[in-house]
Structures are given as C-alpha cells and as structure tokens.
Peer 1: 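Input: one structure, supplied below.
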Protein chains: 2
Amino acid sequence: MKVITSQQQRVLDCIQIYINKTGFPPTRANICKELGFKSPNSAETHLRALEKKGFIAIESGASRGISIINDENSYGSKDNYPVIGLVAAGSPTLAEENIERTINCPKSFFESKFDYFLKVKGLSMKDAGIMEDDLIAVKKTTDVRNGDIVIARIDDEVTVKFFNKKSAKLVELEPANEDFETIKVNLERDELSIEGKSIGLLRRN
Amino acid sequence: MKVITSQQQRVLDCIQIYINKTGFPPTRANICKELGFKSPNSAETHLRALEKKGFIAIESGASRGISIINDENSYGSKDNYPVIGLVAAGSPTLAEENIERTINCPKSFFESKFDYFLKVKGLSMKDAGIMEDDLIAVKKTTDVRNGDIVIARIDDEVTVKFFNKKSAKLVELEPANEDFETIKVNLERDELSIEGKSIGLLRRN
DNA sequence: CATTATACTGTATATATATTCAGTAAAATT
DNA sequence: AATTTTACTGAATATATATACAGTATAATG
C-alpha cells in the first residue's frame, strides 16, 4: 500500500512546507513552480497518486482542497516509549526489568513507526554517528536489508551493527569503527535473531 | 490589537473551525453558507475588517488565501518547533524563508528548553556523532562554555563547532573531524556572534 | 452634523484553479 | 512480451473564487 516514490515524497513535503509557510495548501500551479514542473498536470498526477496511496485527501472541485492525512497522528497524539538499557542475558528485550524509563514523544516522530528506544553502549558504531548513551529508535521487524542498522541478538547478547547478508548461510554484522571487528554469523551453525532495525536516533547532551 | 465585534468574532471562529475540519481555509461563499449570509460581499467586508484589525492575513488574488494570525502560535510557545535548513546570508536564522517545516515535539523533550532544529550540512562534526542532515536541537543563548557545541555566525555564515575560549580576545571553534581546521577568531578584529548551543540531536533514517 | 464603521443584499466579472484530454517516454510489474 | 505505473509537456475549458460596484440601513465617532 504505502510505497511512496521519491518524487511523490517531494510533492508531499512541498505541500506540508507550503501549508506551514502560508497557512493554506498550494494549487497545482504552486507545486509546479516550487518543484520546477512545467505542466499543472504533473502536479495533478502526483496528487492523484498520493491520494490513491492514502497520504492526502483531495476535496473535489475545491480550490486548494488538499489535506494531509496523518495516520494515527490525529494531531498531537503522543505515546510513551520505553527506553531499554542493558538487556539481561536471556530475557526478552522489552521485559519490565530492562526498561529504564519512558519517553513521551509523538507517534509520527520518525518516518515510520517504532517500538522502543535502545540506549547504546560502546562506540562500535561511532563512524555512523552513533555514540555512547545515544538512544536508537528501534522498529521491531525481521525485514531488514543490507546496509540497515540492525539490533541483533547472538548468544543472548544484544548488539547494534550494519546488516550485510553475504550468502544464504552467511551474515556479516559490520561495525562502523575500525577498532572493532566484523562479526561473521554462520547461519547453519550459529543462531542469529534480528530484533529490529534503527529508524532514527535521539541524543540528549 | 483593536476591538473585535461579535459578528467579526463569529466569522473568525468560523474560519478556524473550517480549517480544523477540512485542513484549508473557507471561501467567501463557504463563510456565507456557514453563517447564513446571502451575499459573498458580507463575508468579504468582514474579512477586510478582520484584516485591518490584524486578526487575519489575506493573500491577494489567491483562493482561500486566509491565514489566522495568532501571537500565541509564534514559534517556541507551543510544541511546534521550526526546522531551519540553509540559512541565507544576512538573514535572521528564524526568518520565515529559512523554515523548511516544523516538528511537533514535547517541550520537555530535551534536558533544557530549546528554540529550533538546525539541519546539519557537511561532516565537520562527524567525530562528535553529528552527521549530514541530522537535526540539532538549538537553544538560543550566548551563555556558552568551553566544550559546548555552539552554533556560531562568522561573516554571515552559520557553522556548528566546539566552543573554546582561549583568552579574552581569542576564541577557537574546533571541528570534530581531522579533515577540517580549527577556526581562530580574533575578537578584536573579527566579528563572532553566538546563535546558541546544541542541547540535543535528532536523526531520522 | 458630517463622517466613518458596521452589517447587510444583489449583481457582475476577470481570473484563479481544478480537471480533462492528447501525447511522449522510461521503469516497474505481471 | 504486454500491461501498468511513474513522470512528465502542453493545451483547453468549465467553474470556483476573489473582488469590484451599486445600493440600504443603523450605530458609533469626531
């Protein structure tokens, strides 16, 4: 359903920025001028695609009748997210004893939904801009791709690394710090469980 | 602010309710239907009165070009924080044209209050875990100490660096990347204005 | 007391705007 | 290989919309 293309994202951003700036939505012509299109139909088709995919609603016949649809974000809907610190060996990540505290934050704060914040230990991902005590917004999923920053569990130890599947039986978990070594996981012999992936980061100095 | 009449208040309320309901402002005809007027000029004259008194702004020629002017809604007092992208030379950081969009976030999200998010360009602070396109939560202040990550303005260029006051007349702005050089500012000769300091960071992958 | 602001109806119109139709072309999907 | 989706240009048009103009009437203001 929700696969937005990069151009459609540009149009969606353009609408949001226009509303923030002026207080009302743009016309087709406004979007064209903003994004460099030469035909109003360019904007029109993108708008219809965004409407079809459920990102916006268009009031038929009305001028500037565009409204952005915010999923559960019925404006200002917030939620409490747990902050996970040191995860005890063997225990489920979200077990109560692992929750340090909670952070109140809007549901639509990051691009996609997430489930908890993980407090980072060590500097194995420092070249990716992830420092000690940073809070990684973790989305629980096993659908990860090469290059994703994943939260993985090997032998009851939780680690944050770049995911890189080399073959059907070999996954490499790569650090972003030359002082650390790549973890090679033989899927036939070792057990690898993907807890989720990073979709954002929060740092409080 | 001048005195608003009861009818003008009705029109103003009508506009706000319409925006809340549809996401965009009403036309003259919409207002007439809503409030029972029989001529579009009824709405028109009320709108012009509201404009003259400073309650709304009307974009000339634009359809639905009404925006409600709300002093309480000016950035900082609520939970909407502006995201500042490329700052044009010479213009104030929070000038409207520099605001890319806004982010809704709790006031107490970071340890101390802050004023806006600055979108980072370049990698001069990468060893401090600040990467391109990261959003730095900036607190507007000139009260900075050595070691703080400051947002400074030198010759109309905005830069993010570690602050280090060496003496009464020498301030060094240190990058966190060996490929960049420390900026030495002679306070007697050069002008240095401290916009504020970083009190947190937000990254959205 | 003249003037201005408020509060309307009613008509008219230039133009702002959505929207359709006719094409082209590349990429993705089936 | 055929079809759909994406991504555009360019022109045409019905209509949605702002806005001016012509009135009427009451209340406030200087």
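The chains referred to below are lettered A, B, ... by the order of the sequence lines, with proteins before strands, and numbering in each begins at 1.
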Peer 1: Donor-acceptor check, side chain of N177(B) to backbone of L123(B), threshold 3.5 angstrom: yes or no?
Peer 2: yes

Peer 1: It should be established whether H46(A) places a side-chain nitrogen or oxygen under 4.0 Å from OP1 or OP2 of nucleotide dT6(D).
Peer 2: no

Peer 1: Taking any heavy-atom pair under 4.0 Å as a contact, classify R10(A): base, sugar-phosphate, or nothing.
Peer 2: nothing

Peer 1: What nucleotide among dT9(D), dA7(D), dA11(D) has an atom nearest to a side-chain atom of F37(A)?
Peer 2: dT9(D)

Peer 1: For Q7(B), answer base if it contacts any base atom (sugar-phosphate contacts may also be present), sugar-phosphate if it contacts only those atoms, and nothing otherwise; contact means non-hydrogen atoms under 4.0 Å.
Peer 2: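 The answer is sugar-phosphate, as Q7(B) gets under 4.0 Å only of primed atoms, P, OP1 or OP2.
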
Peer 1: Would a distance-only check, ignoring hydrogens and angles, find a side-chain to backbone donor-acceptor pair under 3.5 Å from R204(B) to F109(A)?
Peer 2: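 Side chain of R204(B) to backbone of F109(A), a donor-acceptor pair under 3.5 Å: yes, one is there.
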
Peer 1: Side chain of R28(B), backbone of A43(B): donor and acceptor closer than 3.5 Å?
Peer 2: no

Peer 1: Just N and O in the side chain of S60(B): are any of them under 4.0 Å from OP1 or OP2 of dT19(D)?
Peer 2: yes

Peer 1: Between Q9(B) (CD) and dA7(C) (C1'), how many Å, whole number?
Peer 2: 17 Å

Peer 1: Let me know the distance between CD of E44(A) and P of dA11(D), rounded to the nearest Å.
Peer 2: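 So the two atoms are 18 Å apart, to the nearest Å.
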
Peer 1: Assign A29(B) to base, sugar-phosphate, or nothing according to its heavy-atom contacts below 4.0 angstrom with the strands shown.
Peer 2: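 Nothing, no heavy atom under 4.0 Å.
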
Peer 1: Using a heavy-atom cut-off of under 4.0 Å over every strand shown, decide if T5(B) touches base, sugar-phosphate, or nothing.
Peer 2: sugar-phosphate

Peer 1: Could you state the CD1-P distance from I58(A) to dT17(C), rounded to the nearest angstrom?
Peer 2: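 Atom-to-atom, I58(A) to dT17(C), this comes out as 16 Å.
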
Peer 1: Check whether any side-chain N or O of Q8(A) sits under 4.0 Å from OP1 or OP2 of dA7(D), and answer yes or no.
Peer 2: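 Yes, because at least one side-chain N or O of Q8(A) sits under 4.0 Å from OP1 or OP2 of dA7(D).
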
Peer 1: Hey, are N30(B) and E34(B) close enough side-chain-wise for a donor-acceptor pair under 3.5 Å?
Peer 2: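 No, no side-chain donor-acceptor contact under 3.5 Å.
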
Peer 1: Could you check if a side-chain atom of S198(B) sits within less than 4.5 angstrom of a side-chain atom of F162(B), using non-hydrogen atoms only?
Peer 2: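 The answer is no; the side chains never approach within 4.5 Å.
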
Peer 1: Using only side-chain N and O atoms of R48(B), determine if any of them is under 4.0 Å from OP1 or OP2 of dA5(C).
Peer 2: no

Peer 1: Rounded to whole Å, please give me the gap between CD in E51(A) and C1' in dT5(D).
Peer 2: 17 Å

Peer 1: Parallel, tilted or perpendicular: which describes the rings of F114(B) and Y81(B), with under 30° parallel and over 60° perpendicular?
Peer 2: parallel

Peer 1: Need to verify one output field. Residue with the more 5' nearest nucleotide on DNA chain C, K38(B) or G61(B)?
Peer 2: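 Taking each residue's closest nucleotide, the earlier one in sequence belongs to K38(B).
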
Peer 1: Over how many whole Å does the gap from L47(A) atom CG to dC8(D) atom P extend?
Peer 2: 13 Å

Peer 1: dT9(C), OP1 or OP2 - any side-chain N/O from S42(B) closer than 4.0 Å?
Peer 2: yes

Peer 1: Give a yes/no on whether any side-chain N or O of K52(B) is located under 4.0 angstrom from OP1 or OP2 of dA5(C).
Peer 2: yes

Peer 1: Just how far, in rounded Å, is P of dT5(D) from CD1 of I4(A)?
Peer 2: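 It works out to 17 Å between those atoms.
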
Peer 1: Provide, to the nearest angstrom, the distance between the CZ atom belonging to R28(B) and the P atom belonging to dC21(D).
Peer 2: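 It works out to 16 Å between those atoms.
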
Peer 1: Does S63(B) place a side-chain N or O at less than 4.0 Å from the phosphate oxygens OP1/OP2 of dA18(D)?
Peer 2: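 Checking dA18(D) against S63(B), no side-chain N or O comes under 4.0 Å of OP1 or OP2.
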
Peer 1: Just how far, in rounded Å, is P of dA22(C) from CG of N41(A)?
Peer 2: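 Going from N41(A) (CG) to dA22(C) (P), I get 13 Å.
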
